[in-house]
Amino acid sequence: MSQRLATYPYCAAIKSETDLELAMSSRAAILVILRGDGLSLADPIRRAHASGKLVAVHLDLVDGVGDDLVGAHRLLVAGADAIVSSHSQVIRGVKAAGGVAIQRLLLVDARSLDSGLIAIGKAMPDFVEVLPGAILPDLRQILAGRLAMPILAGGFISSRVDAAAVLDAGAVGVTTSSRVLWG
Amino acid sequence: MGVDAPLSRRLLALSGIDGLGPTPEEGILFHHMSLEQLMHRGRFLESRACVDLDSIEGLRADFTAASFLSANLPIEAFITRRPSVASQISESGRIGFLRVSALDSTGLERALAGHSGTANLGTAISPGLVLAHLAPSIVESMPKPVLAYGLIRTPTEVQAAFDAGAAIVVRSPYMDTSTTPLR
């Protein structure tokens, strides 16, 4: 995933079949599935792979599949390259199963930031997705030295100016539902 | 109580462990403390304060709790994630804020859809830091008044939140270097 992001740092946030079709013909090398039937993703994932894309699935947001380790394993068996989750146990299990684990850091307030960083320190995901990503430049100094993993930023990033600020603040990639950024 | 001053536009968030006090132009938002601590600190209030009802240990986050606090302390305004409680508070003549998480556009849209639009019921956006990054049309659509709550630390960030449309801004002493003693 890191190599793909180094080439083009935008990940397409997929919320519909239309998004999926558009993303597969875009420059975005990584698709992050945020909606849909989590029990029926084998075919969409296969089609995305055939288009040269990597696929991450957000375990907490898709329907049908449980947001637990068993659910995560099912998605990996269906072909998902990465699993996005807020749960440390799932993160550890995905890594153990050979998948790429992306843990969410929700920046709601100081307390959630602190507790999130502690959880991430224990789970050691492959990537951390920071939300809302738009405020990453404002928190750059606070997060510096406290996050060892590469950062994906998502949330309220809708222009290349927004994205540039976030990438300059240290993110290696941007997750966005703004199709214009998919390229 | 003898407190006739209105709710301040600038609030300092105080938790059970903070040893800092507000600047002269700031009021107080109490959060993340026990009911005992709140009752103790609230006795020394010189202006009307706000409470994050969901974060007070020993207190059920319901209308009975809000009524109790109003009757015993100069608490004018309440923040809660519970739509029904928020509506009851505002319908009783107090100032209520429904707290919504602004982590991404889809989540914010869904959260605002749950706002009843009751008169006197405003919107507390968390993290408040993101307000300056939102499109003006999004802020305009929020039920007023808007309170920016979470991760705002510096005077520049406070002003940015006001400029973005917040009527009240909560400053967090998180990593604050202020040495203002607790009053």
Exercise. Shared ILVMFWY cluster between B:M39 and B:L14, side chains joined below 4.5 angstrom?
Worked result: yes
Problem set entry | Nearest-0.5 Å distance that lies between atom CG in A:L107 and atom CG in B:L129 | 9.0 Å
Exercise. Is chain A contacted by the side chain of B:S101, its backbone, both, or neither, given a heavy-atom distance below 4.5 Å?
Worked result: side chain
For this session: Look at A:L131, A:V108, A:L106 and state which one has the largest set of heavy-atom pairs under 4.5 Å with chain B.
Result: A:V108
Exercise. Is the closest side-chain heavy-atom distance between B:V130 and A:P132 below 4.5 Å?
Worked result: yes
Problem set entry | Proximal component of B:L134, with respect to chain A [non-hydrogen, under 4.5 Å] | side chain
Problem set entry | Residue among B:S126, B:S55, B:G107 with most heavy-atom pairs under 4.5 Å to chain A | B:S126
For this session: Search all heavy atoms of B:P127 against all heavy atoms of A:I135 and return the closest pair with its distance.
Result: CG-CD1, 3.9 Å
For this session: Check the hydrophobic clustering (I, L, V, M, F, W, Y; side-chain heavy atoms under 4.5 Å; chains of links allowed) and say if A:I118 and A:I151 are grouped together.
Result: no
For this session: Please round to the nearest 0.5 Å and tell me the distance separating atom CG of B:L108 and atom CZ of A:F156.
Result: 4.5 Å
For this session: Take atom CZ of A:R74 as the centre, draw a 6.0 Å sphere, and report whether it contains more than 12 heavy atoms from other residues, nucleotides or ligands.
Result: no
Exercise. Has B:E109 got more than 12 heavy atoms of other residues, nucleotides or ligands less than 6.0 Å from its CD?
Worked result: no
For this session: Drop me the distance from B:L151's CG to A:R111's CZ, to the nearest 0.5 angstrom.
Result: 13.0 Å
Exercise. Heavy-atom count around B:E36 CD within 6.0 Å, excluding the residue itself: above 12?
Worked result: no
Exercise. Is it true that A:L31 and A:L152 fall in one hydrophobic cluster, defined by side-chain heavy atoms closer than 4.5 Å?
Worked result: no
Problem set entry | Test item: A:R35 and B:T106 side chains (from C-beta on) under 4.5 Å apart, heavy atoms | yes
For this session: Side-chain contact test, heavy atoms from C-beta onward, threshold under 4.5 Å: evaluate it for A:I142 versus B:R153 and give yes or no.
Result: yes
Exercise. In terms of hydrophobic clustering (I, L, V, M, F, W, Y; side-chain heavy atoms under 4.5 Å; direct or indirect links), are A:I102 and A:V94 co-clustered?
Worked result: no
Exercise. From A:D138 CG over to B:E157 CD, what is the distance, rounded to the nearest 0.5 angstrom?
Worked result: 5.5 Å
Problem set entry | Joint hydrophobic cluster, B:L53 plus B:L38, side-chain heavy atoms closer than 4.5 Å | yes
Exercise. So does A:E17 have more than 12 non-hydrogen atoms from other groups sitting under 6.0 Å from CD?
Worked result: yes
Seminar exercise, completed: Bottom line for B:A102: the part with an atom under 4.5 Å from chain A's heavy atoms is both
Exercise. Below 4.5 Å, heavy atoms only, C-beta onward: do A:D162 and B:H133 meet side chain to side chain?
Worked result: no
